[in-house]
Number of protein chains: 2
Amino acid sequence: MPRRAADQADPERRSTIRDVATRAGVSVATVSRVLAGNYPTAPATRAKVMRAVKELDYVVNVHARALAGVTQKTIAILTREVVTPFYAYIIQGVEQQAAQDGRLCLVCTTGSDPDRELAYVKMMREQGADAVIIVGGMTETPEYRKQLGQYAQALESAGTKLVLCGRPSMGPDVPALIAHYDNEGGAYAATSHVLSAGHEQIMFLGGVPGFTTSEPRFAGWRRALNDRGIDPGPELFQTGSHGTHFGYERLKELLKRKAFKATAIVASDDGCAAGAMMALREANIKVPDEVSIVGYDDVPMAAHMWPPLTTVRIPAEELGRTAVRMALDPRANPARETILGTHVVVRESVARRVR
Amino acid sequence: MPRRAADQADPERRSTIRDVATRAGVSVATVSRVLAGNYPTAPATRAKVMRAVKELDYVVNVHARALAGVTQKTIAILTREVVTPFYAYIIQGVEQQAAQDGRLCLVCTTGSDPDRELAYVKMMREQGADAVIIVGGMTETPEYRKQLGQYAQALESAGTKLVLCGRPSMGPDVPALIAHYDNEGGAYAATSHVLSAGHEQIMFLGGVPGFTTSEPRFAGWRRALNDRGIDPGPELFQTGSHGTHFGYERLKELLKRKAFKATAIVASDDGCAAGAMMALREANIKVPDEVSIVGYDDVPMAAHMWPPLTTVRIPAEELGRTAVRMALDPRANPARETILGTHVVVRESVARRVR
DNA sequence: CCCGTTTCGGTAACCGTTTACCGCGCCGAT
DNA sequence: ATCGGCGCGGTAAACGGTTACCGAAACGGG
């Protein structure tokens, strides 16, 4: 039964550098140096050590190593959840850039609970992560701002970077790097795209007033309209929530009340656009022949809807990469705030307005 | 300038338990005990300590703590990528269960590179993670099997659990827990659903022969057919790849060659089904009136396609939760292998065959 | 008043590495 | 032959916690 044979003592114990040293007949220092490879060692010694390592199946203990000063650091990413494509892409970007820079990536979901978020921030301080990246919005109560600001300062003084990703700056009270995207510009571009197809009655559908992700989209839509001298009436500004359900229900209700007068819709998000399209289809209104529609986010689904949805692309993965680059290499990325561009990807849900 | 005032010495240094002890006028043991809260301490002492902690903004060093024996352990999840819904949901499940059990969750993407996967496994051994969960398939070269088997044994003897999630067992050579789903059963159910709508010419579209995720789906389709005494010809078995692109191209080509004879399609995945639907639409063939179609995976997109896609639901998030439960609580989950059920979610892409 | 208990706090060993510092032997240069 | 320097390896001191063990003080019962 060789399997049971473990070198006496507690068989569950990981073998340590001392075990290796004894076995190889050298000192622990030598083992450490051989393994680190940054110190001259005689080939014969090296061989002995390597053999012992193999035989004992030795692996370093990262905690001990960290204590002694060489830290394998990590990047933490705090997010509400992971399945929404926007978050998923950011996470992927973060993970990949982190890996590329030799870091491990800790992901923590916070739901929409500010307390969990705060708890994780604290935990990351204990871990000694070299960056914590908070992605997406959180409803910002004053209490939350205050706490986060406090933690942000603590992190900063501990050398841990805090990056807000896909979320605007929270002002000077919370010192953080910002990796964001041009939200307002995307809405402006989308609306302009529809405008130049000849539409004038352009509804904005979806979004929730006060939300940091919604407001800039409202603003972009409004600015594009104003730039052409159009002042949209309140009936063209339909907000309340987002997602497929909201888009469907709201449009259905408008249709039923015969209160839908627009020839085009700028939706707050692709889900909302999809919902609106379903309602239109049920009412036998052709998209894009009778009404044009553009979404926002460019989720994978957008390309597969019918008709394929024209929408605004957010460089989510790049956002994640940018966040860690800013955190890890401040000299190459000295800006405290970088805003990535958005652009409209043209598919088939917008048609020229015929009169 | 009180902010600059840091207690002499290097201002960048994290304050240690010793700093706190000095400041509070007690010993380090006392501080440790107050913080752990598992030892009787006089209220006055506790108060002094807490004040010092606050003033110095002290946080424990997890590495030191781990070295001393109290490990904050972590769960590692190794995945190809994070954005595919199947993976994203598993990750979410893992993370949430891990958090619930007080663990941190490390996610590592491996692309489809076995070497990176292996490297991460090794790294996790160094970290002393209490479980590593490998999700999804990897093309299994003998070399890879051998390596992984070796690591698996090493992990096991170190008390770290290895869980294969959403992937079948690799045999006795690689000792691992399995959290999988009934892949073959899903395909069987989907095909049966189509059969009982009166179809007999049922094509299987997509998947790659030899892949651990594809083969069971082929098998389920074939078994369902055989159970009704149907022996599908090779022209009804169209494999090669998966995803929208493949589905679209292959079906288009079949249509062009007038080689498409089926009245229903069982697709290897939802993307593939979506592609097929696009090709059908372009050929002016109505779904589901003229051909029925069912997908696999139930990605979010499936519900939003037109017509909404009937498909097989994989309990991905639950799969992730199960994986960590199995790893963390072997007494409550003694099985070395748990297979979660799949079921078909009926939407509108399958219609009764009219003759 | 004495003594056994209980309550609370300190001392110091230990966890597994890394690395500064030192010493030894050997080489080539003088 | 002597010596400076270099190549190589060992000793031991951190790193920042936890906790076994011990002792002092307080307290209550006889």
Side-chain angles (χ1 to χ4, degrees), chain A residues 7 9-10 12-50 52-53 56-73 123 125-129 158-159, chain B residues 7 9-10 12-50 52-53 56-73 123 125-129 158-159:
Chain A
D7 294 49
D10 180 0
E12 273 299 322
R13 211 177 107 271
R14 264 164 82 151
S15 45
T16 73
I17 198 173
R18 250 168 290 258
D19 300 332
V20 176
T22 323
R23 178 142 201 153
V26 298
S27 74
V28 292
T30 304
V31 175
S32 179
R33 295 201 265 246
V34 166
L35 262 20
N38 52 13
Y39 196 85
T41 43
T45 315
R46 187 195 323 272
K48 277 191 300 187
V49 170
M50 292 315 264
V53 164
L56 293 177
D57 197 24
Y58 167 80
V59 289
V60 299
N61 177 321
V62 288
H63 298 303
R65 167 180 281 175
L67 234 207
V70 251
T71 49
Q72 150 74 295
K73 297 261 227 131
M123 215 180 233
R125 213 144 80 76
E126 300 176 353
Q127 295 281 331
Chain B
D7 295 51
D10 179 359
E12 273 300 319
R13 212 179 107 271
R14 264 164 80 152
S15 44
T16 75
I17 198 175
R18 262 169 271 261
D19 300 334
V20 176
T22 325
R23 177 141 198 156
V26 298
S27 75
V28 292
T30 303
V31 175
S32 179
R33 296 203 264 246
V34 165
L35 261 20
N38 53 11
Y39 195 85
T41 43
T45 316
R46 188 195 320 274
K48 275 191 301 187
V49 170
M50 293 313 267
V53 164
L56 292 176
D57 199 21
Y58 168 78
V59 289
V60 298
N61 177 322
V62 288
H63 299 302
R65 165 180 284 174
L67 234 206
V70 219
T71 49
Q72 149 73 292
K73 298 260 228 130
M123 217 180 228
R125 212 144 81 75
E126 300 176 354
Q127 295 281 332

Would you please test Arg33(A) and Thr41(A) for side-chain hydrogen bond (donor to acceptor under 3.5 Å, both in side chains) and show each step? CA-CA 8 Å; Arg33(A) 295 201 265 246; Thr41(A) 43; over 6 Å; no

So what does Val62(B) hit on the nucleic acid, given a heavy-atom distance under 4.0 Å: a base, only sugar-phosphate, or nothing? nothing

Applying a 4.0 Å non-hydrogen cut-off, can you work out what Val20(A) is touching in the nucleic acid: base, sugar-phosphate, or nothing? nothing

Compare the minimum distances between each of [options] and the side chain of [X], then state the nucleotide with the smallest one.
| X | options | value |
| --- | --- | --- |
| Arg33(B) | dG16(C), dG10(C), dG9(D) | dG10(C) |
| Val28(A) | dG16(D), dG9(D), dA12(D) | dA12(D) |
| Ile17(A) | dT11(D), dC15(C), dT17(C) | dT17(C) |
| Val70(A) | dT18(D), dA20(D), dT19(C) | dT19(C) |
| Ala29(A) | dT18(D), dG10(C), dG10(D) | dG10(D) |
| Thr30(B) | dT19(C), dG9(D), dG10(C) | dG10(C) |
| Thr16(A) | dT18(C), dG10(D), dT17(C) | dT17(C) |

Side-chain donor/acceptor of Arg65(A) to base of dG16(C), under 3.5 Å: no

Could you tell me whether the side chain of Arg14(A) has a donor or acceptor atom within less than 3.5 Å of a complementary atom in the base of dG16(C)? no

Does some side-chain heavy atom of Leu35(A) sit less than 4.5 Å from a side-chain heavy atom of Met50(A)? yes

With a 4.5 Å limit on heavy-atom distance, are the side chains of Asn61(B) and Thr16(B) in contact? no

Integer-rounded Å distance: [N] [atom2] and [X] [atom1]:
| X | N | atom1 | atom2 | answer |
| --- | --- | --- | --- | --- |
| Gln72(B) | dT18(D) | CD | C1' | 16 Å |
| Leu67(A) | dT19(C) | CG | P | 13 Å |
| His63(A) | dT18(C) | NE2 | P | 14 Å |
| Asn38(A) | dC8(D) | CG | P | 14 Å |
| Glu126(B) | dG16(C) | CD | P | 16 Å |
| Leu56(B) | dG16(D) | CG | P | 14 Å |

Taking only side-chain N and O atoms of Thr41(A), does any of them lie within less than 4.0 angstrom of OP1 or OP2 on dG7(D)? no

Does the side chain of Tyr39(B) get closer than 4.0 angstrom to OP1 or OP2 of dT6(C) through an N or O atom? no

Backbone N/O of Arg18(B) and side chain of Thr22(B): donor-acceptor pair under 3.5 Å: yes

Nearest-nucleotide check on DNA chain C, Asn61(A) vs Gly25(B); residue mapping nearer the 5' end is Gly25(B)

Residues Asp19(B) and Arg14(B) bridged, charged N to O under 4.0 Å: no

